[in-house]
Amino acid sequence: MAERKIPQRTCVCCRTTHDKRDLLRVVKTPEGTVQVDTTGKVNGRGCYLCKDPACAARVLKTKPLSKFLGVPVGEEVYEKLKEVLLG
Ligand SMILES: [Zn+2]
């Protein structure tokens with residue numbers, strides 16, 4: 001039987017809860033690199049960001065991801081986020 005309930009995740013920036021499919025996952029891979037996971041299939045420890053433009057702007061301004069992931073997060077990751085979140 002299909003599971004109908006959609007998993008909920010919390011945006012690490014604004015702490016609001018959304019359906020997992022409405023969030024963007026950012027993953028620290030076992031190799032220690034950081035990837036924006038647009039497929040939901042990248043292996044590793046992830047954190048989630050919502051697609052609210054105000055929240056995205058805050059993420060791009062304050063660049064909080066290294067704190068959440070425990071590794072340095074390069075400018076190219078934020079460039080990718082900008083592309084995915086703000087189009
Ligand atoms: Zn958010």
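Just so you know, ligand 1 is whichever comes first in the structure, and atom 1 is the first atom listed for that ligand.
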Q) Around the Zn ion (ligand 1), how many protein N, O or S atoms are closer than 2.8 Å? A) 4
Q) Under 6.0 Å from the CG atom of N43, do we count more than 12 heavy atoms belonging to anything else shown? A) no
Q: Kindly compute the distance separating NZ (K51) from CG (L24), expressed to the nearest 0.5 Å.
A: 6.0 Å
Show me the donor-acceptor pairs, under 3.5 Å and distance only, between side chains in residues 73-87 and residues at least two apart or in other chains.
unit_1	atom_1	unit_2	atom_2	d
Y78	OH	K63	O	3.3
Y78	OH	L65	N	3.0

Q) Okay, side chain of T62, backbone of R58: is any donor-acceptor separation there less than 3.5 Å? A) yes
Q: Look only at the side chain of D52 and the backbone of A54, and say whether a donor-acceptor pair between them is shorter than 3.5 Å.
A: yes
Q. According to a 4.5 Å side-chain heavy-atom criterion applied to Ile, Leu, Val, Met, Phe, Trp and Tyr, with indirect links allowed, do Y48 and V59 form part of one hydrophobic cluster?
A. no
